Structures are given as C-alpha cells and as structure tokens.
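To keep things clear, I will list the structure first and then write my remarks on it.
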Amino acid sequence: MDRTAELLRTVKNIETYLLLSRDFRAWLQHRSPKEKALWSDKILEIMTYRMQLENKQLTVLADAFDKLAPELKTGTAALKEELTKLEKFIHAIDTLSKVVGVIAKAVKVL
Amino acid sequence: MNIPRSPLIIPAISLLLMSGCVTAPPKSEYTALAQAGSDYAVAVDKVLTAAGAAHVDATSWSLVQVKDMAGVVSAEKYSTLAEKEKKLLMTMRQLKESTQLLADYFAQLELLSSADAPGETKDAVGHLVDSMNKLADEVHVASPELFKALPQLAKIAVSTRIDAALQRELTARQTLIRTQMLLHEQLLKEVGENLASSLTTEAALRDELLVRKPLLSEKPLDSPEDWVAKRRTAMLLAEESKDVKDASKAAEEMRLAFEQLLTGKDVENRIRALVGRIRNILTAIHAVNS
C-alpha cells in the first residue's frame with residue numbers, strides 16, 4: 001500500500017509538471033507536429049497509469065470492506081431484532097396499564 | 001377500599017428486573033454516537049460523490065490542456081484512459097455501497113437508542129401513569145406517593161433495557177466497528193488527498209486556460225465580467241480542498257469516541273469534535289459542489 005502511495009505521488013508530480021510547467025509548454029511549442037503528438041500520447045499514458053494506481057489503492061480498501069459486509073449486516077439485523085423485542089416489552093407495559101385501568105374502574109364501582 | 005400494595009408493585013419491579021440492570025453510560029451518549037455515526041456515513045458518501053465528480057472534471061481539464069499544448073489527442077489513448085477512469089468510478093461506487101451498509105447500521109442503532117423509539121413507548125408509559133393515578137385516587141393505599149411513582153419505574157425499565165441492548169451490541173461488535181473505522185481513516189485519507197489533488201489540478205488549469213491565457217493575449221477580453229468570475233472560481237477552488245483533505249480525521253474521531261464509550265469514559269467532548277468535523281466536511285463539499 002505504501003509503495004503504491006509513493007509511486008502515485010511520483011506519477012502525480014510528473015503529470016503536474018507536464019501539464020502545468022511553463023518551461024515544458026514553451027519547449028513543446030517549438031517541436032514538430034509529430035513530436036507534439038508523441039508527447040500528447042505520453043501525457044495521456046501517464047494520466048492513465050495514475051488512474052490505475054488510484055484504482056489499485058481503492059480496490060484494496062473496497063475488498064476489505066466487502067469482507068466485513070456480512071458481519072455488518074448481521075449487526076443491523078440483530079439491532080432490528082432487539083427493536084422488535086423492545087416493542088413486545090412496551091406492549092407488555094401497555095397491557096399492564098389496561099389491567100390497572102380495569103381494576104381502577106372496578107374499584108370505583110365497588 | 002384497601003388494596004394490598006405488593007401485587008401491583010411486583011409487576012412494576014418485574015419490569016425493572018426483566019430489563020436487566022447493567023452499568024452503562026447515559027443513554028444520551030449512545031444516542032449522540034449513533035446520530036454522529038449516521039451523519040458521518042452521509043458525509044463519507046458525499047466525499048466519495050464529490051471525489052468522483054472532481055476526478056472527472058480534473059481529467060477533462062487536463063485533456064483540454066493537452067489539446068491546447070500539443071494540438072492533437074489520440075483516439076486510442078483517450079479510449080484507454082476513459083476505460084480506466086470508468087473502472088475507478090466503479091470502485092468508488094462499490095465503496096459508496098459499503099458506506100451505505102455502515103449508514104444502515106448506525107441508523108438502526110439510532111432508532112434503538114432514541115428515547116422515543118418505538119413511538120409507542122411514551123404512549124404505553126403515559127397510559128400506565130394515567131391508570132395508576134386513577135387507581136391511587138380511587139383506593140386507599142398505604143403509600144400513595146410510592147404508588148404513583150411506579151409508572152416511572154416502567155419508564156426507567158424501558159430506558160435501562162435499551163442501554164443494556166446497546167452496550168451488548170457495541171461490545172459484541174467492537175472489533176468490527178474498530179476495523180471499519182480504521183479502514184475509513186485510510187479511505188478518507190486517500191479519497192481526501194485525491195479529491196484535493198483533483199481540485200488543485202482543476203484550479204491550476206482553469207487559471208492557465210481561462211485566466212492567464214486571455215489576460216496575457218494581445219486580444220481584448222471578450223467579457224471582463226466573465227473573466228472576473230472565472231478568476232474567482234479558479235482562485236477559490238484550491239482553497240476549498242483543504243478542509244476535505246482533513247476528512248480522515250473525522251474517522252479517527254469516530255473511532256476514538258467509540259473506544260471511549262466502550263470504556264465508560266465521558267465522550268461528550270469527543271462527539272462534539274466529531275460533529276464539528278463532519279460539519280466542516282459537509283461545508284467544504286457544499287462549497288466544492290456549488
């Protein structure tokens with residue numbers, strides 16, 4: 001991972017130089033159309049390589065996340081189940097309140 | 001009429017016993033962590049979306065620059081580049097899906113930790129309060145204050161049960177959450193850096209192609225107002241990337257808040273810092289998008 005990151009930094013620096021350096025731009029202005037086309041290809045190749053490295057870095061992470069996905073889904077399901085149990089518990093309180101209400105009415109009648 | 005106390009006290013006390021009395025941090029801390037977790041997942045999703053868009057824009061500006069400098073771009077080289085960029089965007093989508101799973105988890109945690117979750121809790125306890133009060137008024141009980149306080153025990157029982165469930169879940173899943181957060185630190189570091197790099201490249205190329213070139217040309221500016229607006233965009237774009245670059249610190253704050261919660265330490269300040277960091281990320285992303 002660290003080697004990829006280091007390589008990525010180097011490639012980015014080269015790409016930035018080729019795209020933004022005024023010296024390189026001035027030099028390229030005086031080249032033949034064939035040479036310009038060659039440099040155009042080179043810059044696109046460097047950009048493509050940089051994207052490959054970025055993708056490599058992110059794929060390592062995406063795969064690691066995928067491995068954790070089943071357990072995370074299990075956790076979410078367990079929380080849902082807990083919520084259902086809680087609903088039943090609250091339902092029991094509700095039932096208790098109704099029983100107490102009936103007792104209160106009965107006591108009033110007596 | 002005298003009603004013996006014990007038969008009515010027993011169910012209320014049973015509620016407490018059934019709930020499982022455990023030592024746990026105050027529920028508000030669980031709620032705060034769960035809410036921060038949900039907000040965090042939303043922020044990560046937005047960072048990934050912004051990073052994808054910024055990547056495509058930076059590539060487009062780079063291609064415009066190549067065309068401007070060399071006068072030609074090969075169809076074959078462009079197709080290869082576009083293919084690789086699509087693959088990268090697909091990986092980012094995969095990461096967004098993983099983030100969604102984390103968001104689902106925290107959303108469920110938030111639902112459970114919320115004092116009003118489910119909504120019937122208040123109603124059920126409220127009904128019990130009314131019924132007990134009526135009964136206390138109707139009958140002569142030895143300790144009416146204690147009798148009227150019984151519904152509060154039910155409320156505490158629900159709250160204690162929620163706390164116990166949350167503590168059980170977070171303890172059982174601590175390795176998973178810790179690993180998730182460590183991966184997120186790495187993810188946000190890389191994506192944040194890539195996003196900042198894309199924005200810096202875009203800003204530099206906008207400056208070169210839309211600001212310097214027309215300004216230094218001998219031709220008069222087509223529209224001075226447009227030029228001023230373009231210069232402002234180019235100048236501010238690079239600045240806005242700085243907050244996003246620090247996005248990985250939000251993942252670190254999240255992990256540390258979780259660790260402190262598990263050890264029963266006060267997490268209020270940590271969560272406040274986390275919420276502030278999430279807010280900064282969202283502000284930066286909003287600025288980038290707009």
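A quick note: this is a predicted structure, and the numbers were derived from the prediction, not measured. Here is how names work: the chains are called A, B, and so on, in the same order as the sequence lines, proteins then strands, and each is numbered from 1.
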Check against side-chain contact (heavy atoms from CB on, under 4.5 Å), A:R3 and A:L7: CA-CA 6 Å; A:R3 256 196 81 174; A:L7 193 55; over 6 Å; no
Minimum-distance pair of heavy atoms, taken over all atoms of B:A234 and B:R206: CB-CB, 3.9 Å
Chain A contacts, top residue of B:M90, B:E85, B:K67 (heavy-atom pairs, under 4.5 Å): B:E85
Region of B:S197 in contact with chain A, defined by heavy-atom distances below 4.5 Å: side chain
Under 4.5 Å from a heavy atom of chain A, the part of B:H55 involved: side chain
For chain A, the option from B:L63, B:L176, B:T201 that forms the most heavy-atom pairs under 4.5 Å: B:L176
For a quick test of your reading: what N or O donor-acceptor pairs under 3.5 Å do the side chains of residues 33-48 of chain A make, sequence neighbours left out?
from: A:S40; atom 1: OG; to: B:V72; atom 2: O; distance (Å): 2.7
from: A:E45; atom 1: OE2; to: B:K77; atom 2: NZ; distance (Å): 2.6
from: A:T48; atom 1: OG1; to: A:L44; atom 2: O; distance (Å): 2.7

Any B:T171 side-chain heavy atom under 4.5 Å of B:Q174 side chain: yes
Heavy-atom pair count under 4.5 Å with chain A, highest-scoring of B:T80, B:T91, B:L89: B:T91
Top contributor to chain B interface from A:T74, A:T59, A:L58, A:L20 [non-hydrogen pairs under 4.5 Å]: A:L58
Per-residue contact mode, B:M92 against chain A (heavy atom under 4.5 angstrom): side chain
B:L205 portion near chain A, given a 4.5 angstrom heavy-atom threshold: both
Candidate pair A:K12 and B:N194, rule side-chain contact (heavy atoms from CB on, under 4.5 Å), full reasoning: CA-CA 10 Å; A:K12 270 183 186 174; B:N194 288 352; 3.2 Å; yes
Greatest number of heavy atom pairs closer than 4.5 Å to chain A - which of B:L88, B:V73, B:T200, B:T59: B:L88
Sidechain-backbone polar pair: B:S113 side chain, B:E110 backbone, donor-acceptor under 3.5 Å: yes
Distance-only donor-acceptor check, side chains B:Q108 and B:D104, under 3.5 Å: no
In a table with atom names and distances, give each donor-acceptor pair under 3.5 Å that connects a side chain of residues 66-73 of chain A to protein atoms at least two apart or in another chain.
from: A:D66; atom 1: OD2; to: B:Q94; atom 2: NE2; distance (Å): 2.7

Donor-acceptor contact below 3.5 Å, side chain B:Q65 vs main chain A:L19: yes
Choice from B:V66, B:T99, B:I177 maximising heavy atom contacts with chain A below 4.5 Å: B:V66
Presence of salt bridge, A:E54 and A:R50, under 4.0 angstrom: yes
Option that, when pairs with chain A are counted at under 4.5 Å, heavy atom only, ranks first among B:T179, B:L187, B:V191: B:L187
Under 4.5 Å from any heavy atom of chain B - which part of A:R22: side chain
Heavy-atom proximity to chain A below 4.5 Å, by part of B:Y78: both
Atom group of B:Q180 that falls short of 4.5 Å from chain A, counting heavy atoms: both
Choice from A:L8, A:N55, A:T16 maximising heavy atom contacts with chain B below 4.5 Å: A:N55
Neighbour count above 12 (heavy atom, 6.0 Å) for A:Y49 OH: no
B:L102, part contacting chain A, at a heavy-atom distance under 4.5 Å: both
B:R93 portion near chain A, given a 4.5 angstrom heavy-atom threshold: neither
